[in-house]
There are 2 protein chains.
Amino acid sequence: MDAAVDILDRRGTSGLTMRSLAEGLDVTATALYWHVNTKEDVLDLAFDHIFGEVALPEPTEWQHDVRHLMKAWRAVLLRHPWAPAWIGRPVLGPHVLARTEFLQSALSRGGLTDLHLAVTTHLLANHVIGSALTEATFRRTSDPGLRLDARRHITADPTAFPTLNASGHLDANRWNDDELFERGLDAILATTHTKNATAPHPNTSSRATH
Amino acid sequence: MDAAVDILDRRGTSGLTMRSLAEGLDVTATALYWHVNTKEDVLDLAFDHIFGEVALPEPTEWQHDVRHLMKAWRAVLLRHPWAPAWIGRPVLGPHVLARTEFLQSALSRGGLTDLHLAVTTHLLANHVIGSALTEATFRRTSDPGLRLDARRHITADPTAFPTLNASGHLDANRWNDDELFERGLDAILATTHTKNATAPHPNTSSRATH
DNA sequence: ACCTGAACACCGTTCAAGT
DNA sequence: ACCTGAACACCGTTCAAGT
C-alpha cells in the first residue's frame, strides 16, 4: 500500500499500473494477482489506506470535533490529489467507516437525531467530496490555462454572463479556496442550531426527481 | 456526441473506446483523431453535451429557480451515471457555464452578494456533485453486495460503530436518497435567510488547513 | 504459500498514404 | 478536408509451471 500510494502521489492514477507497482516491489506484475483480484482492488485499498492518516483525537466539544475532522479529511484528499476522483467507487473500507462514526457521533452529541442527523451527515460529506474533487482537479491538471480559458470565456461575453462577471466566478484571486470551504462548513453547522432548518418547502415533493 | 453519450450510457466509461466509438460512426478509430486530440477530449465534450439537457426556464421566484435547476442538474447526472465520476476533470464547457450563470443570477436576486454569494454557490455545487457521485457509484457498481457488506461490517460490530448503528447509516431502507438531497437543499437555502450565517466561528482560522 | 514466464486480447496514438 | 491501414508501445489479466 505504501508503494502504491507513493506511485499515485507522484504519477497519478494513470501512472499506477500493475507493472509499475510490481517494479516498486521488486516482483513481477503477475505476482500481484496472488494478493489481489484486480487493479481496482489496489486502488480501493490505497484509498482506504490514506484515511489512516486522518487522526482520531479524543472527543471534546462536538462542534470542535466536527470542524477538526472535516479539515483533516479535506487535507488528506488534497495531499493525495488522485484520491477525490476515486470516490467514483464505493469506498467503504474500515478506516473510512471509523472516521464516519467519529463524525456522526459528534453530531449526535450536538443533539441531532433521525432525519436531521442523516441530512447533516450527507451535507458535510458532500461538502468535502465536492470541494476536494473540484480543487484537486485544477491542482492536478498540469495545464493551468484551463481555468484561465474558462475565466476568459466568461469575461469575453459580459452580456451572456453578467452575474458570473460581477461575482468574479472562477477568479482565483478573488476568493481563497480554504476560506470558501470553511465558510461553507460554518453555514452547515449553523443549520444545526435553527430548529426545523430542514423543514420542507411548501411546494416541494421529495419524489419529483424521478 | 450523441453516439458517444449512447455508448457511455450503455457500457460505461470503460466501455467507450476509440474503436467502439468509431464503429458506431462507421469509420476507423484513427479517423477520430482528425476531429479530436485525445480520448479525454471526447469525454469532456460528452460531459458538456449532456448539460444541454438541463433546460433553462424563464426566471421566476428566485428560490423556485434554484430548486428547479438543482433538481434538473441532479437528474441529468443520475440519468448518465458515468458523468459524476468525470467531474475529476475540469468541466467548464459552454453548457455548464450557462447553467452556473442561471443559478448564481437567481441567488443574487435573492440578495446574496460577495463572499456570501460565493459560499452558497459552492455549497450548492458541492451538494449536487457529492450526492450524485455517491449515488451513481452505488447505482453503477453492478455488485449490490458492496453496500450490504459495509452495512454488515457496521452491524457486526455495534461497539465500534454505535452511532452508525443507531442512525441506520448506509441502511437503504431507512432514508430515501431523493429526500436526503432535497432536505439538504432546504438546509442550504435556509442559511440564505439568516444574516451572518457564514460568520466565522470564534477560534477558526481560515488558513489552518495548509 | 508465493512467485515467474510466456502469452492473449485489447488499448490509445502516430504517421504515411490515400481521395 | 477527411478518412484508411499498418504499426508501436503499452495495458490488465490468465495460466501453467516453478520453488
Side-chain angles (χ1 to χ4, degrees), chain A residues 1-50 80-83 85-91 93 137 140-143 145-146, chain B residues 1-50 80-91 93 137 140-143 145-146 149:
Chain A
M1 280 309 108
D2 287 336
V5 170
D6 191 54
I7 295 178
L8 285 166
D9 287 348
R10 292 204 327 268
R11 305 210 290 260
T13 310
S14 66
L16 179 77
T17 68
M18 295 307 260
R19 284 167 171 90
S20 71
L21 176 57
E23 193 184 7
L25 296 170
D26 265 318
V27 286
T28 346
T30 54
L32 300 175
Y33 287 88
W34 175 261
H35 306 272
V36 109
N37 277 322
T38 156
K39 186 192 170 179
E40 286 190 327
D41 286 358
V42 177
L43 270 150
D44 286 344
L45 290 169
F47 186 92
D48 191 70
H49 185 72
I50 62 170
H80 306 284
W82 51 272
W86 194 247
I87 302 184
R89 287 266 312 171
V91 277
T137 295
R140 196 163 28 81
T141 328
S142 41
D143 184 7
L146 266 163
Chain B
M1 280 308 107
D2 286 336
V5 170
D6 191 52
I7 295 177
L8 285 166
D9 287 349
R10 292 204 329 265
R11 305 210 287 258
T13 309
S14 67
L16 179 77
T17 67
M18 295 308 259
R19 284 168 172 91
S20 71
L21 176 56
E23 194 184 7
L25 297 169
D26 265 316
V27 286
T28 345
T30 54
L32 301 174
Y33 287 89
W34 174 261
H35 307 273
V36 108
N37 278 322
T38 156
K39 186 193 169 176
E40 287 191 326
D41 286 358
V42 177
L43 269 150
D44 285 345
L45 290 169
F47 186 91
D48 191 70
H49 185 73
I50 61 171
H80 306 283
W82 51 271
W86 194 247
I87 302 186
R89 288 265 312 170
V91 277
T137 294
R140 196 163 28 81
T141 326
S142 41
D143 183 9
L146 267 162
D149 281 353

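Residue numbers start from 1 in every chain, and the chains themselves are labelled A, B, ... in the order their sequence lines are given, proteins ahead of strands. The model shown is predicted, which means the values in this text are computed figures rather than measured ones.
Side-chain contact check for M18(A) versus V36(A): some heavy-atom pair is nearer than 4.5 Å. Within the 4.5 Å cutoff, the side chain of I87(A) has heavy atoms near those of the F47(A) side chain.
In terms of the side-chain contact (heavy atoms from CB on, under 4.5 Å) criterion, residue partners of T137(A) (sequence neighbours excluded) are, by chain and number, L133(A), R140(A), T141(A), P90(B). Legend: residues meeting side-chain contact (heavy atoms from CB on, under 4.5 Å) with L25(B), ordered by chain and number and at least two apart, are A3(B), L21(B), V27(B), L32(B). Scanning for salt bridge (charged side-chain N to carboxylate O under 4.0 Å, His left out) contacts around D41(A) gives an empty result, with sequence neighbours left out. Listed by chain and residue number, R89(A) satisfy the salt bridge (charged side-chain N to carboxylate O under 4.0 Å, His left out) test with D44(A) (two or more places apart in sequence, or in another chain). For S20(A), the side chain to side chain donor-acceptor pair (under 3.5 Å) partners are T17(A), not counting sequence neighbours. For the side-chain contact (heavy atoms from CB on, under 4.5 Å) test, residues two or more places apart in sequence or in another chain that qualify with H49(B) are M1(B), D2(B), V5(B).
Residues from residues 31-42 of chain A that place a heavy atom under 4.0 Å from any atom of DNA chain D, listed by number: Y33(A), T38(A), K39(A). The stretch residues 2-18 of chain A does not touch DNA chain C, since none of its heavy atoms comes less than 4.0 Å from the strand.
The ring-ring contact (aromatic ring centres under 6.0 Å, His included) contacts involving residues 23-42 of chain A comprise nothing, where partners must be two or more places apart or lie in separate chains. Pairs engaging residues 9-33 of chain B under the salt bridge (charged side-chain N to carboxylate O under 4.0 Å, His left out) rule: D6(B)-R10(B) [sequence neighbours left out].
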E40(B) and W86(B): CA distance, side-chain angles, deciding distance, side-chain contact (heavy atoms from CB on, under 4.5 Å) verdict = CA-CA 10 Å; E40(B) 287 191 326; W86(B) 194 247; 4.3 Å; yes
Nucleotide N/O of nucleotides 15-19 of chain D paired with protein N/O under 3.5 Å:
none

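Between I50(A) and A83(A), the shortest heavy-atom distance links the atoms CD1-CB, 3.7 Å.
In this structure, the separation between CG on L16(B) and CD1 on I7(B) is 5.5 Å, given to the nearest 0.5 Å.
Taking the nucleotide of DNA chain C with the nearest heavy atom to each of R19(B) and T28(A), the more 5' of the two is matched to T28(A).
Rounded to a whole Å, the CD atom of E23(A) is 15 Å from the C1' atom of dC11(D). In this structure, L21(A) places its CG atom 10 Å from P of dG12(D), rounding to the nearest Å.
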Dot-bracket summary - DNA chain C, pairs being Watson-Crick or G-U whose distances fall under 3.5 Å, with | when paired to another strand | ||.|||||...|||||.||
